[in-house]
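Here the structure comes first, spelled out in structure tokens, and everything after it is commentary.
Note that these values count all heavy atoms, side chains included, but never hydrogens, waters or copies made by symmetry. Since the model is a prediction, treat every value here as computed from it, not as a measurement.
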Amino acid sequence: MTAVRVSSTAVDSEMIQEPDEPTSRLVVTELPIAATAQTTTIAGFIKPKRPFASATKVFEVPGQDGVDGDARAVPAEVVGRTGQQIIVAFPKDQGVRKGQLAVVAEGLVGRVTVVDAVRGEATVDLITSTEFAGQVYTNISNVPGSVRGTGGKLVMEGVHGGVYQTNRVLMPDPSQQSSQVGAVTIGRASADKAAGATTVELTPTADLANLTRLSIMTPSAD
């Protein structure tokens, strides 16, 4: 292996090692604090030592675990859907509680609203549900606002700064130790916010229509 790429869907940046470095000399770098194992992907490449050769991807794996104090991801399987809610099954005795976030690598899916600890099942309100709302901020420019679902769309409101098309919008994870650590992308601005407006529509980054598995973020056991 001659190169490694580390990328995170929580930030608009990625680290790509120089593919011409000697084999097995790997670069270790620090990702922004918004990144977590659940939003990070690591890929390895091989580049032949001949002119104009291109690199070939040899593996791509999700991040695992994390650092001490990170929220813990409980794996869950989608077993049902009713309107703008999904039902998920998770291993019992995992500390799943109401209010915790459900995520996939691409971003936020929704929030746990009901937990049946005996059955090991939880109900999750999707981010486009009329029952979903929360506080958010834009990545990099840190423009604050709130979001709410409309039953099919997602809207950011109370915006008093510039938000432009494809800007990433993050929601703090209540299971993390601060509002900046391990924040989850909820969506990207669908268009530039109009001058004088205080709202902008967001496009969810998670594929809400084809969910099969996800993670429920729970506080660290440490």
Side-chain angles (χ1 to χ4, degrees), residues 8-12 32-36 38-39 71 73 76 78 81-88 96-115 122-211 214-219:
S8 173
T9 59
V11 293
D12 285 318
I33 60 175
T36 64
Q38 288 67 47
T39 62
V78 178
R81 180 187 289 258
T82 56
Q84 289 293 302
Q85 293 181 324
I86 56 174
I87 309 299
V88 300
V96 173
R97 301 287 186 271
K98 180 179 178 180
Q100 293 169 346
L101 299 185
V103 309
V104 291
E106 294 75 23
L108 183 61
V109 169
R111 181 185 290 119
V112 174
T113 55
V114 178
V115 177
T123 300
V124 175
D125 281 347
L126 297 176
I127 57 176
T128 50
S129 164
T130 55
E131 300 300 316
F132 187 90
Q135 299 300 307
V136 295
Y137 61 92
T138 59
N139 183 232
I140 301 177
S141 55
N142 199 33
V143 175
S146 60
V147 292
R148 64 178 178 87
T150 67
K153 296 183 178 181
L154 183 65
V155 178
M156 183 177 179
E157 300 177 316
V159 184
H160 298 289
V163 178
Y164 304 98
Q165 187 171 12
T166 75
N167 277 177
R168 183 185 299 278
V169 178
L170 304 178
M171 174 171 280
D173 182 351
S175 292
Q176 297 284 8
Q177 296 185 16
S178 87
S179 62
Q180 300 296 317
V181 174
V184 184
T185 300
I186 188 171
R188 289 183 179 271
S190 302
D192 294 352
K193 184 178 71 67
T198 59
T199 64
V200 62
E201 184 179 326
L202 305 182
T203 300
T205 52
D207 182 359
L208 304 179
N210 298 292
L211 296 167
L214 52 79
S215 297
I216 299 174
M217 305 307 296
T218 65

Is any side-chain heavy atom of [Y] closer than 4.5 Å to one of [X]?
X: R81; Y: L211; result: yes
X: M217; Y: P174; result: no
X: V78; Y: V88; result: yes

What is the minimum heavy-atom distance between [X] and [Y], and which atoms define it?
X: V163; Y: A189; result: CG1-CB, 3.8 Å
X: A191; Y: V200; result: O-CG2, 3.5 Å
X: L101; Y: D173; result: CD1-CA, 3.7 Å
X: I127; Y: L154; result: O-CD1, 3.2 Å
X: N142; Y: Y137; result: OD1-CD1, 3.3 Å
X: A206; Y: V109; result: CB-CG2, 4.3 Å

**Request:** Show your reasoning for whether side chain to side chain donor-acceptor pair (under 3.5 Å) applies to T203 and S190.
**Result:** CA-CA 6 Å; T203 300; S190 302; 2.7 Å; yes
**Request:** Sequence neighbours left out, what pairs pass salt bridge (Lys or Arg N to Asp or Glu O under 4.0 Å) with at least one residue falling in residues 135-152?
**Result:** R148-E157
Reported [atom1]-to-[atom2] distance for the pair [X] and [Y], which is rounded to 0.5 angstrom:
X: L108; Y: T205; atom1: CG; atom2: OG1; answer: 8.0 Å
X: S146; Y: M171; atom1: OG; atom2: CE; answer: 9.0 Å
X: N139; Y: T185; atom1: CG; atom2: OG1; answer: 7.0 Å
X: Q84; Y: T128; atom1: CD; atom2: OG1; answer: 3.5 Å
X: M156; Y: K193; atom1: CE; atom2: NZ; answer: 9.5 Å
X: K98; Y: T113; atom1: NZ; atom2: OG1; answer: 7.0 Å

**Prompt:** With distance as the sole test, does D192 use its side chain to make a donor-acceptor pair with the main-chain N or O of Q165 at under 3.5 Å?
**Reply:** yes
**Message:** Main chain of V112, side chain of R97: is a donor-acceptor contact present, judged purely on distance under 3.5 Å?
**Reply:** no
